[in-house]
Amino acid sequence: MAELELDKDALLPQETGPQDPTQRPRLPSLPCLSPPQTPTPLNQLSSSAQYIIQHFTAATGCRNLHATVRNIFATGKVEMWVVDDVGNTGVSERGCFVIWQMLPDKWQIELVVAAQKVVAGSDGTVAWRHTPWVGAHAAKGGVRPLRRAVQGLDPLAVSAVFCEAQYMGEKQISGMDCFVLKLSADQKDLVERSDSTAEMIKHVAFGYFSQKNGLLVHLEDSYLTRIQSPGTHPTYWETTMSTKIDDYRMVDGVMIAHSGHSSVMITRFGDNLKTGPAITRLEESWTIDDIAFNVQGLSMDCFIPPKELHKDYPQEDLDWRSPLHA
């Protein structure tokens with residue numbers, strides 16, 4: 001059997017991009033961060049997204065973040081590998097990452113895997129990424145939180161993302177009874193994340209919250225992009241990511257997820273692919289080694305985009321396969 005190689009070009013962008021299909025609302029205006037003023041019958045509460053998020057904020061203690069935490073610093077390790085059509089796994093690649101975040105919407109992540117370094121960030125106005133194979137490029141659409149933050153590292157980001165989600169019912173996943181919340185990008189968001197050659201068709205995310213303890217235990221994320229250059233047939237890229245979130249631990253009064261596992265499937269199809277759909281399956285496990293709040297010396301200067309990006313953010317060749325504009 002041929003040795004399976006990690007497609008760094010495919011997986012690394014998935015792990016350094018924003019998660020939310022919709023633009024993130026400003027935190028002070030989120031009603032889900034405040035307890036309800038009047039009691040609501042239990043049978044109504046149990047079927048409402050707002051109640052589920054209120055349960056989550058109480059379970060994690062993230063109201064403490066809202067009131068007292070200015071910034072977050074975290075370090076961790078990752079392991080990535082590719083999986084073929086019959087389930088064979090390739091040689092895994094190990095790496096590490098560092099995250100800085102200034103609440104509510106400034107963040108930066110440095111990820112190093114297999115001697116390749118990817119840096120991504122947001123200054124609160126624009127999200128961007130720098131990769132060895134593309135260089136620096138800006139995202140389309142509004143600023144959204146870092147994917148790793150929504151995977152349990154920042155409960156406040158989870159609350160902001162799912163505060164206005166749609167309640168979809170109950171489902172058992174990984175042996176746990178969960179409430180399911182759904183987020184979908186609306187047409188305005190999809191248009192803002194499209195350009196003359198790349199059309200964002202859909203972006204949907206599901207969050208699974210444990211009925212037992214209120215914590216976010218699973219995420220599903222899916223988006224579809226149509227690519228067509230002048231004079232060519234269209235090609236479609238569909239990316240789905242399923243993430244198990246685990247090992248919640250108390251850090252300064254806040255419950256933080258310290259590990260997780262993601263499965264990514266990237267499917268490329270279209271009339272120009274004579275052999276049929278091309279599918280890439282990738283796996284990633286991550287752990288948090290250290291996390292700290294209110295780190296001294298972290299300033300706005302830490303989140304300035306690369307000098308290659310201009311303030312007017314002109315049209316450029318964006319990495320349309322990544323969730324930076326997905």
Side-chain angles (χ1 to χ4, degrees), residues 7-24 109 111 116 118-123 125-147 150 161 183-206 220-242 262 264-282 305-306 308-326:
D7 188 348
K8 298 179 287 294
D9 193 4
L11 183 55
L12 294 185
Q14 311 304 324
E15 296 307 321
T16 55
Q19 166 84 24
D20 187 7
T22 60
Q23 295 187 29
R24 178 176 175 176
I109 179 172
L111 172 64
Q116 299 282 5
V118 175
V119 183
S122 165
D123 65 354
T125 302
V126 63
W128 55 270
R129 182 189 291 118
H130 185 281
T131 67
W133 49 88
V134 177
H137 52 284
K140 282 186 167 292
V143 170
R144 298 178 297 284
L146 176 66
R147 180 181 299 279
V150 182
V161 166
L183 283 171
S184 299
D186 60 23
Q187 188 59 36
K188 179 176 180 294
D189 289 324
L190 294 174
V191 169
E192 288 181 353
R193 286 181 271 167
S194 301
D195 58 27
S196 59
T197 60
E199 177 191 0
M200 182 58 53
I201 297 175
K202 71 171 183 178
H203 188 184
V204 180
F206 294 89
E220 292 178 357
D221 189 17
S222 175
Y223 56 94
L224 177 65
T225 306
R226 180 182 185 271
I227 308 299
Q228 185 173 21
S229 300
T232 66
H233 292 287
T235 301
Y236 296 86
W237 286 70
E238 183 173 33
T239 301
T240 59
M241 178 179 290
S242 178
S262 295
V264 183
M265 184 168 70
I266 303 171
T267 305
R268 186 164 58 100
F269 57 94
D271 292 340
N272 58 328
L273 300 179
K274 304 303 182 183
T275 58
I279 300 175
T280 302
R281 292 182 174 87
L282 305 147
E308 296 93 325
L309 302 180
H310 302 289
K311 273 299 179 182
D312 56 352
Y313 310 121
Q315 293 290 325
E316 53 186 311
D317 184 17
L318 296 178
D319 184 3
W320 45 262
R321 291 175 297 175
S322 79
L324 268 174
H325 67 113

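Worth saying up front: this structure is predicted, and the values here are computed from it rather than measured. Residue numbers start at 1 and run along the sequence shown.
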Asp189 side chain vs Glu192 backbone, donor-acceptor pair below 3.5 Å: no
Which atom of Leu282 lies closest to which atom of Ile266, heavy atoms considered: CD1-CD1, 4.2 Å
So Val118 and Arg129, side chain to side chain contact (heavy atoms under 4.5 Å, CB included) or not? Walk me through it. CA-CA 7 Å; Val118 175; Arg129 182 189 291 118; 3.8 Å; yes
Are any of the side-chain heavy atoms of Met200 and Val191 separated by less than 4.5 Å? no
Sorted by chain and residue number, the side-chain contact (heavy atoms from CB on, under 4.5 Å) partners of Leu224 (sequence neighbours excluded) come out as Ile201, Lys202, Tyr236, Glu238, Phe269
Find the distance between OG (Ser194) and CD (Gln187) and round it off to the nearest 0.5 Å. 8.0 Å
Tell me, please, which residues at least two apart from Thr235 pass side chain to side chain donor-acceptor pair (under 3.5 Å). Asn272
Heavy-atom check, side chain of Val204 versus side chain of Leu183, under 4.5 Å: no
What's the shortest heavy-atom distance between His130 and Ala136, and which atoms? CD2-N, 3.4 Å
Is Thr197 reaching over with its side chain to a backbone N or O of Gln228, donor-acceptor style, under 3.5 angstrom? no
Contact between Thr239 and Met265 at the side-chain level, heavy atoms closer than 4.5 Å - yes or no? no
State which residues pass side chain to side chain donor-acceptor pair (under 3.5 Å) with Thr232; sequence neighbours excluded, sorted by chain then number. none
Side chains of Trp128 and Ser122 in contact at under 4.5 Å (non-hydrogen atoms): no
With heavy-atom distances below 4.5 Å as the criterion, would you say the side chains of Arg193 and His203 are in contact? yes
Shortest non-hydrogen contact from Ile227 toward Thr225: CD1-CG2, 3.5 Å
Measure the shortest side-chain to side-chain distance between Ile109 and Val119 over non-hydrogen atoms and say whether it is less than 4.5 angstrom. no
